[in-house]
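Inspection log for the structure reproduced underneath, given as structure tokens.
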Amino acid sequence: MSVIALLGAQWGDEGKGHIADKLAAEAAIVARYNGGDNAGHTITIGDTFVRTHLVPAGAFHPKATCALGAGMVINLRSLAREVDELNRHGANLTPDRLKIDVAAHLLLPGHVALDGVSESRRGTGAIGTTRRGIGPAYTDKAARTGLRAGSIANPDAFAEMVWAHVERANVGLRELFEPELEADALSSEYAALAKRFAPHLADVTALVHAALERGETVLAEGAQGALLDLDHGTYPFVTSSSTIAGGVLTGLGVGPKHVARVIGVAKSFCSRVGAGPFPTELREAMGDRLRGTGSNPWDEFGSTTGRPRRTGWLDLVALRHAARIDGLTELVLTKLDVMTGIEPLRVCRAYSYHDQSTADFPRDAAVLGECTPVYAELPGWTEDIGSARCLDDLPRTARAYIEQVESFTSVPVSHVSVGPDRSQIFPATGN
Ligand code: IMP
């Protein structure tokens with residue numbers, strides 16, 4: 001068997017947790033390969049829902065090993081909180097079930113402090129980060145000054161490294177006249193975290209290859225989405241990791257030949273949280289309607305920060321860009337039910353830039369910011385589709401909406417979701 005890559009095909013928050021949880025049932029290992037606790041995946045467990053930020057969606061599938069891969073930046077304080085919470089719901093994330101790659105980087109308190117300070121100082125030019133320290137942690141990684149997870153194997157030596165990290169961050173904070181961090185208290189706290197998590201250390205890459213050699217499936221669970229990719233997204237309004245299929249390879253240490261399926265998850269509309277260009281954004285009542293009121297966990301409010309998401313019509317130009325840079329083999333279209341009752345539906349099939357039409361996604365965020373969407377209108381439907389369980393249960397116009405996505409992106413839609421329940425995702429093949 002092989003690696004299945006599950007990736008966000010928009011600006012994150014496409015509903016990946018939902019699908020990941022379903023696919024995890026078949027996987028021996030479910031591994032995160034990028035990002036940190038900036039991500040937030042919502043999964044339903046019976047009547048309740050839980051949010052994961054670092055732990056992959058395999059948490060509630062007892063046979064799956066959950067792995068945090070080398071491409072991640074891991075905040076041990078957040079991990080402790082999350083593992084406690086998931087264990088309260090019955091996840092049983094013992095060292096046998098939750099593995100931390102020795103080569104993953106650690107996201108430490110100085111990173112969080114510096115992320116907050118630099119965001120505040122950017123003023124109106126702020127990226128709108130989650131303020132979880134992601135940028136500064138990857139900066140340290142690239143500068144080769146970061147701490148890797150393997151260093152928690154020796155908690156005393158690690159305490160000294162954390163102390164040095166905090167003192168280094170304090171130099172920066174002092175220069176900016178910001179409150180400094182307590183090096184002594186933090187190094188003791190992190191020594192305790194190191195003791196707790198040292199038994200979880202592993203060579204995740206070796207585990208992944210051993211599973212592949214046994215013929216098992218490895219699910220690579222993406223965080224954020226293609227348009228937030230550091231290289232191919234709407235830079236600088238992006239995250240600091242590789243969110244795309246290429247990130248699976250570097251983040252887990254596998255080659256292209258190991259990846260059998262590259263599944264992109266896209267919502268039936270678009271959303272974006274944080275700043276940056278978003279051509280199809282709707283600022284009026286329709287935007288509020290797509291967002292929902294926040295009264296249920298599936299509404300468009302950040303699952304990490306609670307911020308209301310910006311919402312807009314489905315942008316097929318951006319989605320095709322994602323399909324290309326990810327090499328998607330299939331798409332999962334989520335939240336089709338949210339489009340019920342909207343007449344007409346609109347999808348963006350080109351951009352107009354200085355009166356020139358283009359169907360290619362601009363590589364420059366400033367250019368994208370000046371693009372206006374060129375829409376096609378499609379007829380909607382009014383029937384409640386929440387109980388649909390196959391393509392044939394959908395109204396003809398809903399099927400035409402799906403076909404529009406397929407024909408524009410040249411990627412088949414393999415599954416559709418029509419609600420938050422596990423039973424409300426079904427294969428998009430007619431029967
Ligand atoms: P950072 O990853 O916290 O540095 O944030 C950089 C950008 O990515 C900001 O626009 C965030 O709102 C966005 N972002 C980070 N993580 C997520 C996510 O899981 N879903 C959606 N947007 C995200």
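We count ligands from 1, going down the list as the structure has it; atoms in each ligand are counted the same way.
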| task | Inspect the contact between Arg77 and Glu189 and indicate whether a charged nitrogen and a carboxylate oxygen are less than 4.0 angstrom apart. | result | yes
| Is a salt bridge present between Arg196 and Asp84, judged by a nitrogen-to-oxygen distance below 4.0 Å? |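 Here Arg196 pairs with Asp84 in a salt bridge, since their nearest N and O are under 4.0 Å apart.
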| Relative to Phe301, does Arg307 satisfy both conditions: NZ or CZ under 6.0 angstrom from the six-membered ring centre, and within 45 degrees of the ring's axis? | no
| salt bridge (charged side-chain N to carboxylate O under 4.0 Å, His left out) between Glu300 and Arg291: does it pass, once the steps are laid out? | CA-CA 5 Å; Glu300 298 296 331; Arg291 184 177 306 111; over 6 Å; no
For ligand 1, list all ligand N or O to protein N or O distances below 3.5 Å, rounded to 0.1 Å.
| from | atom 1 | to | atom 2 | distance (Å) |
| --- | --- | --- | --- | --- |
| ligand 1 | 2 (O) | Asn38 | ND2 | 2.9 |
| ligand 1 | 2 (O) | Thr239 | OG1 | 2.6 |
| ligand 1 | 3 (O) | Thr130 | N | 2.8 |
| ligand 1 | 3 (O) | Thr130 | OG1 | 2.5 |
| ligand 1 | 10 (O) | Val273 | O | 3.2 |
| ligand 1 | 12 (O) | Gly128 | O | 3.2 |
| ligand 1 | 12 (O) | Val273 | O | 2.9 |
| ligand 1 | 12 (O) | Arg307 | NH2 | 3.1 |
| ligand 1 | 16 (N) | Gln224 | NE2 | 3.2 |
| ligand 1 | 19 (O) | Asn38 | O | 3.4 |
| ligand 1 | 20 (N) | Asp13 | OD1 | 3.1 |
| ligand 1 | 20 (N) | Asp13 | OD2 | 3.3 |

| Gly90 and Phe60: which non-hydrogen atoms are nearest, and at how many Å? | C-CE2, 4.3 Å
| message | Regarding Asp229 and Tyr235, do their side chains bring together a donor and an acceptor under 3.5 Å, going by distance alone? | response |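 Tyr235 and Asp229 do not have a side-chain donor-acceptor pair below 3.5 Å.
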